[in-house]
Amino acid sequence: MTQDELKKQVAAAAIEYIKGVPIVGVGTGSTVNFFIEMLADYKNDIEGAVSSSEATTERLKNIGIPVLELNSAGDIEVYVDGADEVDPRKKLIKGGGGALTREKIIAAASKKFVCIVDESKCVDVLGKFPLPVEVIPMARSYVAREMVKLGGQPVWREDYYTDNGNEILDVHNMEITNPMEMERLINDITGVVTNGLFAHRDADIVLIGKGDKVET
Ligand code: 5RP
């Protein structure tokens with residue numbers, strides 16, 4: 001199976017989790033894009049969706065799904081999103097697509113976080129994928145120096161701004177053996193908006209597209 005076929009397969013499996021759910025949280029990325037396409041068949045069954053990015057909002061609107069503000073939606077029953085890396089304890093690295101802050105907010109406000117990945121995302125230790133850190137623009141160089149102290153090599157995602165108007169540092173060469181601690185340490189740096197470690201609010205269910213099967 002190609003990687004896209006694996007993504008489609010795992011997206012289809014996630015549809016089972018949104019049946020009967022009034023408001024669905026929707027993540028960002030190529031795997032979630034397949035999920036959004038499939039959500040079109042259920043648009044009459046849901047009240048709407050809460051979106052994690054401008055890109056996802058546009059896709060949802062294009063297929064006729066109302067996009068609701070999180071502030072008025074209340075608790076979300078189910079949030080479906082992809083990831084860049086997943087470890088055996090369901091801790092994640094996210095934010096390759098730059099939507100980490102809104103993704104983290106929706107994950108926090110959701111009762112169930114269903115993470116959909118193909119098997120290439122599964123790792124024993126997080127950190128091979130460069131860890132995205134969203135920063136307030138004026139703090140970028142300061143945060144970069146602090147990330148070096150934490151053992152990483154930050155690279156500025158040049159000419160890129162998040163939907164919140166902030167910048168991103170992609171931090172290479174991190175071997176994250178304690179994701180809970182590392183998430184907290186990075187968030188404690190002044191000027192950091194969010195980092196892409198989803199360790200405190202990790203996934204509840206990880207669906208992995210593997211061969212011709214989906215593993216849970
Ligand atoms: C976006 C994300 C995505 O979920 C992550 O990058 C995975 O994307 P893809 O499904 O395209 O591999 O965190 O900010």
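For ligands, and for the atoms within them, numbers begin at 1 and follow the listed sequence. These numbers were taken from a predicted model, which means no experiment stands behind them.
- Summary of contacts: the protein heavy atom closest to atom 1 (C) of ligand 1 is Glu103 OE2, 3.1 Å.
- At the shortest separation from atom 12 (O) of ligand 1 among protein heavy atoms lies Lys121 NZ, 2.7 Å.
- The contact set between ligand 1 and Ala99, taken as ligand atoms under 4.0 Å from a residue heavy atom, comprises 14 (O).
- With rounding to the nearest 0.5 angstrom, the NZ atom of Lys90 is 7.0 Å from the CG atom of Asp204.
- Ligand 1 has no nitrogen or oxygen under 3.5 angstrom from a nitrogen or oxygen of Val32.
- With a 6.0 Å radius and a threshold of 12 heavy atoms from other residues, nucleotides or ligands, Tyr161 has its OH atom at or below the threshold.
- Under a 4.0 Å criterion applied to the non-hydrogen atoms of Asp81, ligand 1 contributes the atoms 4 (O).
- To the nearest 0.5 Å, the span separating NZ on Lys94 from CG on Leu197 amounts to 12.0 Å.
- Checking Thr56 against Ser51 by side-chain atom types alone, no donor-acceptor pair falls below 3.5 Å.
- Atoms CD and CG, from Glu5 and Asp212 in turn, are 11.0 Å apart once rounded to the nearest 0.5 Å.
- Cation-pi geometry between Lys104 and Phe198 is met: the NZ or CZ atom falls under 6.0 Å from the ring centre, inside 45° of the normal.
- Ligand 1 places these atoms under 4.0 Å from at least one heavy atom of Gly82: 4 (O).
- Listed by number with element, the atoms of ligand 1 under 4.0 Å from a non-hydrogen atom of Thr28 are 1 (C), 2 (C), 3 (C), 4 (O).
- The backbone N or O of Ala199 sits less than 3.5 Å from a side-chain atom of Glu183, completing a donor-acceptor pair.
- Protein heavy atom at the shortest distance from atom 10 (O) of ligand 1 is Thr31 OG1, 2.6 Å.
- On a distance-only criterion, Gly29 and ligand 1 share no N/O pair closer than 3.5 Å.
- At the shortest separation from atom 9 (P) of ligand 1 among protein heavy atoms lies Ser30 OG, 3.3 Å.
- Using a 4.0 Å cut-off to heavy atoms of Gly97, the atoms of ligand 1 that qualify are 1 (C), 6 (O), 14 (O).
- The proximity of Ala83 to ligand 1, defined as any non-hydrogen pair under 4.0 Å, is limited to the backbone.
- Atom 6 (O) of ligand 1 has its closest protein heavy atom at Asp84 OD1, 2.6 Å.
- For Arg201 (side chain) and Ser110 (main-chain N/O), a donor-acceptor pair under 3.5 Å exists by modelled atom type.
- Heavy-atom distances between Gly98 and ligand 1 reach below 4.0 Å in at least one pair.
- The closest side-chain donor-acceptor pair between Asp118 and Ser120 falls under 3.5 angstrom.
- Below 4.0 Å from some heavy atom of Gly95 lie the following atoms of ligand 1, by number and element: 2 (C), 13 (O), 14 (O).
- Looking at heavy atoms from C-beta onward, Leu70 lies in side-chain contact with Ile76 at the 4.5 angstrom threshold.
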